K.L.:
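Structure provided below as structure tokens; questions to follow.
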Amino acid sequence: MASAAARASLSLIPTTSSSTSRTRSPSLPTATRFFYSPLRRMGLSAAATDPLLSLHAGSNFRSLIKGCGKASRWVVCMAKKSVGDLTASDLKGKKVFVRADLNVPLDDSQNITDDTRIRAAVPTIKHLIANGAKVILSSHLGRPKGVTPKFSLAPLVPRLSELLGVQVVKADDCIGPEVEKLVASLPEGGVLLLENVRFYKEEEKNEPEFAKKLASLADLYVNDAFGTAHRAHASTEGVTKFLKPSVAGFLLQKELDYLVGAVSSPKRPFAAIVGGSKVSSKIGVIESLLEKCDILLLGGGMIFTFYKAQGLSVGSSLVEEDKLGLATSLLEKAKAKGVSLMLPTDVVIADKFAPDANSKTVPASAIPDGWMGLDIGPDSIKTFNDALETTKTVIWNGPMGVFEFDKFALGTEAVAKKLAELSGKGVTTIIGGGDSVAAVEKVGVAEVMSHISTGGGASLELLEGKQLPGVLALDEAIPVPV
Ligand SMILES: Nc1ncnc2c1ncn2[C@@H]1O[C@H](COP(=O)(O)OP(=O)(O)OP(=O)(O)O)[C@@H](O)[C@H]1O
Ligand SMILES: O=C(O)[C@H](O)COP(=O)(O)O
């Protein structure tokens, strides 16, 4: 256990009463539609005019705006149109090009090892089937250079058919006369899965001629590929220039509702937990979350750069020497903003980077030479759990340690278990993609979380405050009453 002296030497920044000292806005409950609006012109609060929120946030903007005390009965919202906005008559008999992210892991025998992304795509497709649309389903798989059989979408057909309750037809290409014939013979409620759209280099180059060929297959476009929404590719962005309407699918909406809506206007206290290997890959996320959260808990390999920046010895732990100044400035920024930034007080160290390494727990201020920190220690787990106890919203991105090795997985598993417990008490728990999703699944608590993102890079970019081209390209909805 870390001593009081060790704690002090880490200069933990104490929790502040930030929730009273900072601008607050009403919280956004989960939304089913999302809108953005020129809110600044309406003179709304800082939180309401958050550029991200104004771009992507949920329909309960209505309550947000009401909460801001504005009397306007109508707000001219530039909203993203949703597949849920389309009526049965908009869809019946229509050919709908659906871009999903079916980029699932396959083993050497081409078996799907995790079908999460297929399951996540199902609600939108089922909605279209139920409304008599003809679904032309498109996705990429992996990063093929030209036609590469091991990246074919064929292995997905049985699982997709099972989940949808219809026999999915598979095309051998994604454009061309054979595909056109299959589209022409597609019945209402039928599903045609196009071959991997990345077999054409024009996809990633977003070539208009290729996008036009994809678009020519259909009458309207639905983008439900959240995991690929950060890519301006032909099937995610280019195609929208040739297909109207171009609308958002249910998964895309849900991801935005949580990763933008719930994060930009959270129920407070709002805690963010950021881990992973390097501080350099999380700078954007940390800086962006510092603007929004009340508590920031850091773990993973990045903590050693923070320790070193504070003058501690870190043995042979992972350190980014060129980011020491940045670590110091992030600590200062947290302090200035009244965010309670907490670093682990103790760590589990190893004598080598291996699953069978010798290990022991030491105060973070006492890492011996030749040893490396691979997990947060029990004292830190307790401190983190206590800090999370009163939160109302928690977002987590990145593991607390090398969770791939059982000996160093306890910190990550403890966070997963704590979030599951909080979820059961009504706390909004958001798992922001990447390895933390794998950790939550390993612990078997995925089902109880409020939201588990299907995006790796896309969720990271959203959390960094970036705009996603696949979202920006979609049509805007009609004004909504408030
Ligand atoms: N103390 C540590 N030393 C070295 N590596 C660590 C340490 N703690 C965690 N890691 C490693 O960090 C990796 C995850 O880091 P990464 O930044 O990729 O996280 P992520 O954001 O969850 O993943 P993704 O990049 O897929 O979104 C894991 O493989 C884990 O083993
Ligand atoms: O797995 C992902 O993150 C998405 O499917 C996007 O894949 P990409 O990084 O190859 O564009």
Side-chain angles (χ1 to χ4, degrees), residues 83 86 88 90-104 106 110 112 115 117-142 144 147-149 151-200 202-203 210-225 227-228 233-236 238-240 242-252:
V83 68
L86 302 176
D90 292 325
L91 296 172
K92 190 165 168 46
K94 295 285 168 54
K95 293 171 284 178
V96 184
F97 190 102
V98 179
R99 177 55 158 103
D101 186 336
L102 306 178
N103 186 22
V104 292
L106 300 174
Q110 298 284 89
I112 300 162
D115 68 356
R117 281 179 164 173
I118 303 181
R119 285 186 283 111
V122 163
T124 292
I125 304 169
K126 274 197 166 169
H127 175 77
L128 294 168
I129 291 173
N131 282 285
K134 302 174 180 183
V135 179
I136 302 162
L137 185 58
S138 164
S139 178
H140 72 286
L141 181 79
V147 178
T148 316
F151 290 123
S152 168
L153 291 178
L156 278 57
V157 172
R159 186 66 180 132
L160 203 48
S161 302
E162 185 186 342
L163 287 167
L164 292 173
V166 300
Q167 183 54 51
V168 172
V169 177
K170 163 77 177 41
D172 292 334
D173 206 334
C174 64
I175 51 169
E178 288 306 313
V179 176
E180 284 160 23
K181 271 188 214 155
L182 288 170
V183 169
S185 62
L186 199 58
E188 288 182 8
V191 180
L192 173 69
L193 177 64
L194 303 181
E195 187 48 285
N196 192 337
V197 78
R198 285 193 186 169
F199 282 178
Y200 287 84
E202 293 87 344
E203 161 69 358
F210 180 67
K212 203 171 176 180
K213 283 180 189 161
L214 292 174
S216 71
L217 298 172
D219 302 311
L220 57 110
Y221 175 73
V222 177
N223 189 355
D224 212 19
T228 327
H233 291 174
S235 67
T236 60
V239 72
T240 64
F242 306 101
L243 268 180
K244 294 291 166 208
S246 290
V247 304
F250 296 128
L251 172 65
L252 190 67

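As the structure is a prediction and not an experimental result, all values here were calculated from the model.
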K.L.:
What residues form a salt bridge (Lys or Arg N to Asp or Glu O under 4.0 Å) with Lys244, not counting sequence neighbours?
P.N.:
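Counting only residues at least two positions away or on another chain, Lys244 forms a salt bridge (Lys or Arg N to Asp or Glu O under 4.0 Å) with Asp475.
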K.L.:
Using the side-chain contact (heavy atoms from CB on, under 4.5 Å) criterion, which residues pair with Lys92? Sequence neighbours excluded.
P.N.:
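With sequence neighbours excluded, Lys92 shows a side-chain contact (heavy atoms from CB on, under 4.5 Å) to Glu188, given in chain and number order.
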K.L.:
Is the closest basic N to carboxylate O distance between Lys94 and Asp219 below 4.0 Å?
P.N.:
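Here Lys94 does not pair with Asp219 in a salt bridge, since their nearest N and O are not under 4.0 Å apart.
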K.L.:
Who passes salt bridge (Lys or Arg N to Asp or Glu O under 4.0 Å) against Glu180, sequence neighbours left out?
P.N.:
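Salt bridge (Lys or Arg N to Asp or Glu O under 4.0 Å) check on Glu180 returns nothing, list empty.
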K.L.:
Run the salt bridge (Lys or Arg N to Asp or Glu O under 4.0 Å) test against Glu202 and tell me which residues pass, sequence neighbours left out.
P.N.:
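If we apply the salt bridge (Lys or Arg N to Asp or Glu O under 4.0 Å) test to Glu202, skipping adjacent residues, there are no hits.
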K.L.:
Ignoring hydrogens, what is the shortest heavy-atom contact between Ala218 and Val96? Give both atom names and the distance.
P.N.:
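For Ala218 and Val96, the tightest heavy-atom pair comes out as CB-C, 4.2 Å.
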K.L.:
Kindly write out the residues that satisfy side-chain hydrogen bond (donor to acceptor under 3.5 Å, both in side chains) with Lys181, not counting sequence neighbours, or none if the list is empty.
P.N.:
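Lys181: side-chain hydrogen bond (donor to acceptor under 3.5 Å, both in side chains) contacts with Glu178.
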K.L.:
Please name all residues satisfying side-chain contact (heavy atoms from CB on, under 4.5 Å) with Ser161, sequence neighbours left out, ordered by chain then number.
P.N.:
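Ser161 satisfies side-chain contact (heavy atoms from CB on, under 4.5 Å) with Val157, Gln167, Val168 only.
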K.L.:
Can you name the residues that form a salt bridge (Lys or Arg N to Asp or Glu O under 4.0 Å) with Asp173, not counting sequence neighbours?
P.N.:
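Result, salt bridge (Lys or Arg N to Asp or Glu O under 4.0 Å) vs Asp173: none returned.
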K.L.:
Among all residues two or more places apart in sequence or in another chain, which pass the side-chain hydrogen bond (donor to acceptor under 3.5 Å, both in side chains) test with Asn103?
P.N.:
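So Asn103 forms a side-chain hydrogen bond (donor to acceptor under 3.5 Å, both in side chains) with His140.
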K.L.:
Please name all residues satisfying ring-ring contact (aromatic ring centres under 6.0 Å, His included) with Phe210, sequence neighbours left out, ordered by chain then number.
P.N.:
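ring-ring contact (aromatic ring centres under 6.0 Å, His included) list for Phe210, sorted by chain: Tyr200.
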K.L.:
Suppose we screen for side-chain contact (heavy atoms from CB on, under 4.5 Å). Which residues come up paired with Ala225, at least two apart in sequence or across chains?
P.N.:
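Per chain and number, Ala225 pairs via side-chain contact (heavy atoms from CB on, under 4.5 Å) with Arg99, Asp101, Asn223, Thr228.
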K.L.:
Excluding sequence neighbours, so at least two apart, what forms side-chain contact (heavy atoms from CB on, under 4.5 Å) with Asp90?
P.N.:
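side-chain contact (heavy atoms from CB on, under 4.5 Å) list for Asp90, sorted by chain: Leu86, Thr87.
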K.L.:
Check for a donor-acceptor pair, side chain of Glu203 on one end and backbone N or O of His233 on the other, with a separation under 3.5 Å.
P.N.:
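No, because the side chain of Glu203 does not come within donor-acceptor range (under 3.5 Å) of the backbone of His233.
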K.L.:
Output all residues satisfying side-chain hydrogen bond (donor to acceptor under 3.5 Å, both in side chains) with Ser246, sequence neighbours left out; order by chain, then residue number.
P.N.:
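Per chain and number, Ser246 pairs via side-chain hydrogen bond (donor to acceptor under 3.5 Å, both in side chains) with no residue.
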